[in-house]
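Notes follow the structure.
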Amino acid sequence: AWLMDWVIRSVALLLLWTLGRATGFGDTLARSSQGLLLLALFVAEWGYNVLFEALAGGRTPGKRMLGLRVVKEGGFPVGFIDAFLRNTLRAADFLPAFNLLGLFVMYGDRRFRRLGDHVAGTMVVIEEPARVAAPI
């Protein structure tokens, strides 16, 4: 799911950059230290997961493709604060090097939750497809 979401974010940023170059706005960005492009990169990296998880029922497009969903413990829907806490601590999972802390935290939890999941009280679940009864 992470890889699929990364590809979606990368394509969107590439299209934004290409559009900026095609309209001549990219020349202005080049002269002004590309601050707006960096701002777009920041928003895409830190806001993508938060917004999708908070507004789309706990699912980013990558999670939706794989049938995954983020929920509160007990199965309740995740809110904006929960999604914000969960994804802000994604950077802490990366510490001290290459997700080492995140791996140790996940290994120590029987539900394999990340550090952000512990703090936000959330977990990622696999959604079972709805089964329709056979016609009588």
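Below, each value reflects all heavy atoms present in this structure, side chains not excepted, and no hydrogens, waters or symmetry copies. No experiment lies behind these values; they were computed from the predicted model shown.
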What heavy-atom pair brings [X] and [Y] nearest, and what distance separates the two atoms?
{"X": "P61", "Y": "I8", "value": "CB-CD1, 3.5 Å"}
{"X": "L68", "Y": "A1", "value": "CD1-CB, 4.2 Å"}
{"X": "L13", "Y": "A44", "value": "CD1-CB, 4.0 Å"}
{"X": "A54", "Y": "F80", "value": "CB-CA, 3.7 Å"}
{"X": "G62", "Y": "D5", "value": "N-OD1, 2.7 Å"}

For a 4.5 angstrom cut-off between non-hydrogen side-chain atoms, does [X] reach [Y]?
{"X": "V105", "Y": "H118", "answer": "yes"}
{"X": "R86", "Y": "L115", "answer": "no"}
{"X": "Y48", "Y": "T60", "answer": "yes"}
{"X": "L66", "Y": "M4", "answer": "yes"}

Step by step, work out the side chain to side chain contact (heavy atoms under 4.5 Å, CB included) result for E127 and R64.
CA-CA 9 Å; E127 289 189 309; R64 185 179 303 272; over 6 Å; no
So does L14 have more than 12 non-hydrogen atoms from other groups sitting under 6.0 Å from CG?
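Atom CG in L14 is crowded, with more than 12 foreign heavy atoms closer than 6.0 Å.
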Value rounded to 0.5 Å, distance of [atom1] in [X] from [atom2] in [Y]:
{"X": "R113", "Y": "M123", "atom1": "CZ", "atom2": "CE", "result": "7.0 Å"}
{"X": "N87", "Y": "T122", "atom1": "CG", "atom2": "OG1", "result": "8.5 Å"}
{"X": "R114", "Y": "L101", "atom1": "CZ", "atom2": "CG", "result": "11.0 Å"}
{"X": "E73", "Y": "D82", "atom1": "CD", "atom2": "CG", "result": "10.5 Å"}
{"X": "W46", "Y": "F84", "atom1": "CH2", "atom2": "CZ", "result": "9.0 Å"}

[X] and [Y]: same hydrophobic cluster, using ILVMFWY side-chain contacts below 4.5 Å?
{"X": "L85", "Y": "V70", "value": "no"}
{"X": "V11", "Y": "L3", "value": "yes"}
{"X": "M65", "Y": "F52", "value": "yes"}
{"X": "L15", "Y": "V43", "value": "no"}
{"X": "Y107", "Y": "V119", "value": "no"}

Does the pair K63/E53 count as a salt bridge with the N-to-O cut at 4.0 Å?
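E53 and K63: salt-bridged.
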